[in-house]
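By convention here, the first residue in the shown sequence is residue 1. Just so you know, ligand 1 is whichever comes first in the structure, and atom 1 is the first atom listed for that ligand. Computed from a predicted model, the values in this text were never measured in an experiment. When reading the values below, keep in mind they use all heavy atoms of this one structure, side chains included, and skip hydrogens, waters and symmetry mates.
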Amino acid sequence: MTQTNNNMTVNPDLAMERAKCNFNVLEVTHIFDGGERNTLQRKKIEDVALNSGASKDALGEEHMSPKEKYENAVRKSCIYATMMKNELAELSGLESFGVSSPVIRRTADAFFKEVSPFLLHLGMFVPTIMGQCTPEQQSYWLPRALDMQIIGTYAQTELGHGTFIRGLETTATYDPETEEFVLHSPTLSSYKWWAGGLGKTVNYCIVVAQLYTKGECHGTHPFIVQIRDEDTHVPLPGIKVGEIGPKMGFNTADNGFLGFDHYRIPREHMLMKNAQVLKDGTYVKVARHGKLTYGTMVFVRVVLVNEVAFNLAKASTIAVRYSAIRRQSKPKPDEVEPQILDYVTQQHKLFIAIATAHALQLCSTWLWESFSAVLAQMKGGNTDTLPEFHALSSCLKAISTSDSAHLIEQCRHACGGHGYMISSGIPNLYNFVSATRTYEGDYTVLLLQTARFLVKAYEQAEAKKPLTPTVSYLAHAFSGSRATWDNSPDGIIRSFQALAAGKTAVCVTNMRKRMRAGLSQVDAWEMSTIQLVAAAEAHCRAVIADTYRKEIVRLTANSSPNVKVVMDQLTTLYLYYWALERTGDLLMFTSVSQKDLVDLQIAYEELLLKIRPNAVGLVDAFDLRDELLHSTLGSYDGRVYERLMEEALKSPMNKEPVSDAYSKYLRPMMKGKL
Ligand SMILES: CCC/C=C/C(=O)SCCNC(=O)CCNC(=O)[C@H](O)C(C)(C)COP(=O)([O-])OP(=O)([O-])OC[C@H]1O[C@@H](n2cnc3c(N)ncnc32)[C@H](O)[C@@H]1OP(=O)([O-])[O-]
Ligand SMILES: Cc1cc2nc3c(=O)[nH]c(=O)nc-3n(C[C@H](O)[C@H](O)[C@H](O)COP(=O)(O)OP(=O)(O)OC[C@H]3O[C@@H](n4cnc5c(N)ncnc54)[C@H](O)[C@@H]3O)c2cc1C
């Protein structure tokens with residue numbers, strides 16, 4: 001064992017890797033954090049929140065019963081919420097992601113191996129109050145919510161419908177006599193289902209319901225609804241509420257169901273920024289764009305890109321550190337077993353995860369800035385940029401969550417059997433990120449939203465009309481020749497754009513053909529949806545590649561030479577990896593030859609070897625404290641086998657030398673007395 005200067009005993013292989021790293025790790029940390037100032041602020045927040053040890057459990061969550069797990073999560077949520085109000089309030093400088101400041105969110109991960117029952121309160125309840133209330137409504141609700149005097153969630157999805165919001169069945173019927181809305185769940189399938197914290201924790205929620213007034217339905221609208229007594233927490237009369245049961249993950253989130261039996265709420269509890277119902281029942285539409293009531297979902301989709309980048313950084317940290325200490329097989333009989341990180345196939349599994357974490361992190365910041373610009377324009381009444389932004393946030397949410405879930409699973413594979421242990425940290429990461437692919441808009445459904453936009457943009461390009469920035473490349477789709485392959489980074493990005501344009505063109509051509517053959521527009525669209533999803537994926541890949549490359553070039557302009565090199569290697573790796581994943585498409589839509597692809601594969605393999613010596617440095621640069629990783633395999637000191645054994649010994653199964661099951665079942669069976 002090697003001693004480091006802070007007296008931590010570190011596995012010698014990890015120590016050797018750190019000695020080998022040839023770039024300034026802190027500089028890369030600053031890039032990942034979005035600047036040195038952010039790193040310093042993050043570290044201060046982590047010190048205050050984590051140094052007290054309040055995030056730790058005496059017994060691992062995984063050994064608790066569901067009820068104990070939930071109560072423990074509430075206990076820690078209350079500790080963390082109190083910290084946020086007091087010690088962390090000033091430090092957090094909640095400027096970047098609003099109330100969902102990513103540093104605050106990320107630090108909370110040290111408290112919860114799964115998620116906090118308060119996640120929806122700050123993640124959706126408060127943002128909906130901010131985004132959908134009039135200023136007067138905000139001044140009433142926001143201080144109470146931010147001070148945690150009330151706790152809320154976002155109840156939109158029903159048993160029967162999640163994706164198709166227009167198909168929700170819960171009704172809110174206005175009664176001008178009493179100036180109230182009557183909320184009702186007319187069917188079993190209209191019961192609200194899934195909202196986080198609804199099962200046991202919250203006393204308020206945003207309910208999305210079909211608004212009826214003067215006998216007319218005006219579509220879905222949000223309402224703020226009290227469901228439990230503010231003092232006793234008992235569900236109010238007319239409310240049927242409970243928890244939905246065990247899930248693949250999110251088991252500390254008390255996701256719930258909710259039904260209404262002609263439950264009355266005051267008229268003012270309709271969130272009236274975008275539409276209003278006057279006292280006499282007159283419906284008044286305020287918003288210029290019909291989909292502004294979907295605003296909270298758009299906000300969360302933006303935040304999720306950042307969230308999954310962080311979780312992927314965690315998984316890659318765990319898998320790379322473990323791969324540095326794990327030795328297996330003997331390809332050269334006279335040498336010691338190599339570190340598994342030396343296998344090129346292992347590098348192929350892992351380095352793309354590191355590069356993708358950077359790519360998504362940078363895209364999330366860029367997306368947030370675009371979102372802020374769209375919001376600023378909408379404040380002035382201009383919603384022109386909303387369609388492009390909806391298309392962009394939809395595909396980035398879909399691809400970032402899907403790629404991250406896949407790569408986290410790949411990190412688990414890279415850790416062999418030990419990666420399957422809950423204590424490795426990877427299963428919880430996977431269970432969490434896998435859900436992000438579904439909630440806040442399913443993968444396929446969101447890509448089809450982007451495809452709608454792509455098809456329209458393609459038709460605009462065809463008509464030689466101006467295009468918005470993210471689809472301006474479609475103008476080249478009409479040159480009549482295949483894009484010229486060029487294996488420089490910019491050349492590959494242009495090829496990705498050519499794939500997106502080519503795939504969109506094929507979809508449009510096929511849809512037109514199908515319509516000429518007699519299919520309706522809806523059926524022609526439906527028949528083309530596999531290809532439309534692929535076109536939207538290709539578009540998103542081109543956007544990510546372009547943004548990642550440009551941002552890294554900009555952010556490393558003043559970096560030290562070796563940081564420039566290693567960051568350039570990672571962006572190039574991302575481009576090579578995805579070009580090699582799409583060779584068939586490249587052959588269809590660009591001038592790439594078989595030889596070009598063979599050369600590209602060799603260049604990719606050589607690039608892996610160049611990155612190899614810096615791999616541990618690269619994951620150290622994510623600067624993830626052990627408390628955030630919750631991992632026997634990924635801790636900074638690399639004491640993997642010691643930690644695995646320590647955790648095994650904590651298992652309640654090891655408390656008794658002989659299990660009761662022996663006398664109850666095994667012995668009678670073995671003695672032939674069962
Ligand atoms: C911790 C866990 C937390 C989890 C919480 C949750 O999951 S909460 C629950 C989360 N639940 C979900 O996320 C549910 C997912 N489902 C949805 O978001 C919607 O049902 C939908 C978007 C799929 C379709 O909506 P629809 O049937 O109303 O619309 P349509 O398809 O007929 O298109 C008509 C036009 O509207 C446009 N447009 C649409 N949305 C937006 C927008 N936001 N902005 C701007 N524009 C938008 C669209 O582009 C199209 O424009 P075009 O081409 O005509 O110019
Ligand atoms: C962990 C978790 C937490 C959640 N938290 C909340 C919450 O707090 N509040 C809340 O309101 N909701 C919440 N949800 C619900 C979530 O938003 C929905 O599950 C999600 O929007 C998907 O909708 P669905 O379940 O109806 O899936 P479906 O729409 O039934 O999807 C099933 C399949 O059908 C496909 N499909 C559906 N429509 C189309 C189409 N038009 N074209 C092609 N394919 C289609 C989908 O791609 C998918 O493969 C949560 C869900 C999970 C898993």
Side-chain angles (χ1 to χ4, degrees), residues 100 105 114-125 127-128 131 152-168 170 189 191-199 201-202 205-208 219-220 222 244 247-258 287-304 307 371 374 378 383-394 397-398 401-402 431-457 459 522 525-526 529-530 532-533:
S100 281
R105 245 299 294 134
E114 296 196 43
V115 297
S116 162
F118 293 178
L119 184 62
L120 266 285
H121 176 76
L122 284 181
M124 291 194 83
F125 182 70
T128 307
T153 185
Y154 185 86
Q156 177 176 288
T157 305
E158 296 174 354
L159 252 180
H161 289 99
T163 289
F164 184 47
I165 303 171
R166 285 185 287 131
L168 295 177
T170 304
S189 55
Y191 266 60
K192 294 294 172 190
W193 196 266
W194 267 122
L198 178 61
T201 309
V202 306
C205 50
I206 304 294
V207 170
V208 179
T220 58
I244 63 173
K247 295 141 290 179
M248 187 170 148
F250 277 75
N251 284 306
T252 44
D254 69 307
N255 297 83
F257 64 79
L258 172 66
R288 289 201 186 178
H289 193 287
K291 302 296 175 191
L292 289 185
T293 48
Y294 293 179
T296 310
M297 285 177 281
V298 175
F299 164 76
V300 180
R301 286 171 196 153
V302 173
V303 171
L304 275 176
E307 184 83 11
F371 185 49
V374 172
M378 287 199 311
T383 55
D384 292 353
T385 47
L386 189 61
E388 184 186 31
F389 188 76
H390 168 56
L392 191 61
S393 55
S394 294
K397 186 275 182 187
T401 55
S402 161
N431 290 340
F432 175 72
V433 173
S434 172
T436 64
R437 186 181 146 128
T438 300
Y439 67 64
E440 224 60 73
D442 160 80
Y443 173 86
T444 309
V445 169
L446 289 188
L447 285 180
L448 287 173
Q449 288 288 311
T450 305
R452 270 175 94 114
F453 182 77
L454 279 182
V455 168
K456 275 192 179 175
E459 287 164 352
V522 174
W525 171 273
E526 178 55 36
T529 45
I530 298 174
L532 285 162
V533 166

Practice task
Considering only non-hydrogen protein atoms, determine which one is nearest to atom 20 (O) of ligand 1 and report residue, atom name and distance to 0.1 Å.
Solution key: T163 O, 2.7 Å

Exercise for the section: For E440, counting its heavy atoms only, list the atoms of ligand 2 lying under 4.0 Å from any of them. Expected result: 17 (O)

Handout entry: Shortest heavy-atom approach to atom 24 (C) of ligand 1 - which of R452, Q449, Q156, E388
Key = Q449

Practice task
Heavy-atom distances under 4.0 Å are what count here, so tell me which part of L120 touches ligand 1: side chain, backbone, both or neither.
Solution key: side chain

Handout entry: Whether G162 lies under 4.0 Å from ligand 1, heavy atom
Key = yes

Practice task
Taking only heavy atoms of T444 into account, list the atoms of ligand 2 that are under 4.0 Å away from them.
Solution key: 47 (O)

Practice task
Check whether any N or O atom of G441, backbone or side chain, sits under 3.5 Å from an N or O atom of ligand 1, and answer yes or no.
Solution key: yes

Handout entry: Any protein heavy atom < 4.0 Å from atom 29 (O) of ligand 2
Key = yes

Handout entry: Taking atom 45 (C) of ligand 2 as the reference point, the nearest protein heavy atom with its distance
Key = V445 CG2, 3.9 Å

Handout entry: Sub-4.0 Å protein heavy atom next to atom 53 (C) of ligand 2
Key = yes

Practice task
State whether the shortest distance between N or O atoms of D442 and N or O atoms of ligand 2 falls below 3.5 angstrom.
Solution key: yes

Practice task
Please could you name the atoms of ligand 2 that G162 approaches to less than 4.0 Å, counting only its heavy atoms?
Solution key: 23 (O), 24 (P), 26 (O)

Completion exercise
Looking only at non-hydrogen atoms, the one of R301, K291, H289, M124 nearest atom 18 (O) of ligand 1 is R301

Problem - Spacing of N255 atom CG and K247 atom NZ [to the nearest 0.5 Å] - result: 3.5 Å

Problem - Closest approach of any protein heavy atom to atom 43 (C) of ligand 2, naming residue and atom - result: L448 CD1, 4.0 Å

Handout entry: Polar atom proximity, E440 to ligand 1 (N or O, under 3.5 Å)
Key = yes

